[in-house]
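Worksheet: one structure, shown below.
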Amino acid sequence: MRILFVCLGNICRSPTAEGVLRQQLQAAGLADRVQVASAGTGDWHVGNPPDSRTCAAARARGYDLSAQRAQQVKASHFSEYDLILAMDNSNLRDLQALRPSGTSGELDLFLRRYGAALDEVPDPYYRGAEGFEQVLDLIEAACRELVVDIKGRI
Ligand code: 4NP
């Protein structure tokens, strides 16, 4: 199974989701069965590591995001991934517009599908430390639901 997380810049929310899911899959013994990646709808940060605030907040909870590099979503991703999960409604709309006709992979809002208090992961880029903590809280909880779903699918 192949999963792609998508946000705007691919330096805050989706790299966090990639790192958290990878670690939860490792703990569940499923790491070799699921391919996880992330991308941004925008190209400003392509080739860069995640934002230093994202890395620091993740590291404090035991996730190492330092090897990740930002990439932009491209048309081929829609056939390369089975499940594409957007962090907010704006990302979802951009993905729907980009999606080539005839691609069958699932596309959805991450938190809408994996039951959370909010529908969107709020963009932390212009917020303080609490924004990055909220991103981690929401993503850790949704990834737990996602792992349950993955177990039922593979
Ligand atoms: P992300 O956060 O979409 O969670 O990676 C952002 C990163 C960069 C920008 C906006 C949001 N930016 O405007 O550069």
Side-chain angles (χ1 to χ4, degrees), residues 1-26 31 34-100 103 105-147 149-150:
M1 188 173 179
R2 302 158 302 174
I3 298 171
L4 181 70
F5 292 108
V6 176
C7 61
L8 178 60
N10 194 209
I11 56 168
C12 296
R13 294 165 292 174
S14 62
T16 300
E18 178 181 337
V20 169
L21 181 61
R22 212 172 258 147
Q23 191 149 313
Q24 290 190 9
L25 288 169
Q26 192 86 42
V34 186
Q35 188 183 316
V36 186
S38 65
T41 57
D43 67 356
W44 313 284
H45 304 285
V46 167
N48 294 343
D51 185 283
S52 58
R53 299 163 297 170
T54 297
C55 286
R59 196 180 314 114
R61 296 196 193 191
Y63 307 105
D64 180 7
L65 310 184
S66 62
Q68 294 189 36
R69 295 294 177 269
Q71 63 170 336
Q72 188 176 25
V73 176
K74 54 186 178 187
S76 62
H77 285 148
F78 290 88
S79 47
E80 290 165 6
Y81 292 92
D82 306 300
L83 183 55
I84 299 181
L85 295 167
M87 294 295 141
D88 64 31
N89 279 302
S90 167
N91 308 147
L92 183 62
R93 279 192 299 275
D94 289 342
L95 287 165
Q96 283 161 342
L98 205 66
R99 178 185 198 148
T103 48
E106 293 171 76
L107 171 60
D108 206 347
L109 205 53
F110 181 34
L111 298 191
R112 182 167 65 203
R113 179 174 284 226
Y114 297 106
L118 298 179
D119 251 10
E120 303 183 296
V121 183
D123 185 348
Y125 195 65
Y126 295 107
R127 297 177 63 196
E130 85 293 346
F132 292 84
E133 295 304 321
Q134 184 188 26
V135 165
L136 276 159
D137 290 341
L138 291 166
I139 285 174
E140 284 181 328
C143 280
R144 284 193 286 272
E145 300 291 319
L146 172 54
V147 169
D149 184 26
I150 290 168

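Numbering of ligands and ligand atoms starts at 1, following listing order. Remember, predicted model here, so these are calculated numbers, not experimental data. In this chain, residues are counted from 1 in sequence order.
Electrostatic pairing of R22 and D64 does not count as a salt bridge here, judged by no charged N lying under 4.0 Å from a carboxylate O.
For the pair Q23 (side chain) and G62 (backbone), a donor-acceptor distance under 3.5 Å is present. N10 places a side-chain N or O within donor-acceptor distance of the main-chain N or O of Q71, the cut-off being under 3.5 Å.
Nearest protein neighbour of atom 13 (O) of ligand 1, counting heavy atoms only, is Y126 OH, 3.8 Å. The protein non-hydrogen atom at the shortest distance from atom 1 (P) of ligand 1 is C7 SG, 3.5 Å. Protein heavy atom in closest approach to atom 12 (N) of ligand 1: Y125 CE2, 3.6 Å.
Scanning all heavy atoms of the two residues, the minimum distance from V34 to I150 falls at CG2-CG2, 3.8 Å.
Less than 4.0 angstrom separates some heavy atom of C12 from each of these atoms of ligand 1: 1 (P), 2 (O), 4 (O), 5 (O). Interface of I11 with ligand 1, defined as ligand atoms under 4.0 Å from a residue heavy atom, comprises 5 (O), 7 (C), 8 (C).
Within the structure, ligand 1 has H45 among the residues with a heavy atom less than 4.0 angstrom away.
When each of R113, R99, R2 is paired with E106, the salt bridge (Lys or Arg N to Asp or Glu O under 4.0 Å) condition holds for R113 and for no other.
Below 3.5 Å of separation, one finds an N or O of L8 facing an N or O of ligand 1. Ligand 1 has no N or O atom lying under 3.5 Å from any N or O atom of W44, backbone or side chain. Some N or O of G9 is nearer than 3.5 Å to an N or O of ligand 1, by distance alone.
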Take K74 and D43 through the test salt bridge (charged side-chain N to carboxylate O under 4.0 Å, His left out) and record every step on the way to the result. CA-CA 11 Å; K74 54 186 178 187; D43 67 356; over 6 Å; no
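Distances from atom 11 (C) of ligand 1 to the heavy atoms of N48, N91, N10, D123 show the closest one on D123.
Crowding of Q26 atom CD: a count of heavy atoms from other residues, nucleotides or ligands under 6.0 Å not exceeding 12.
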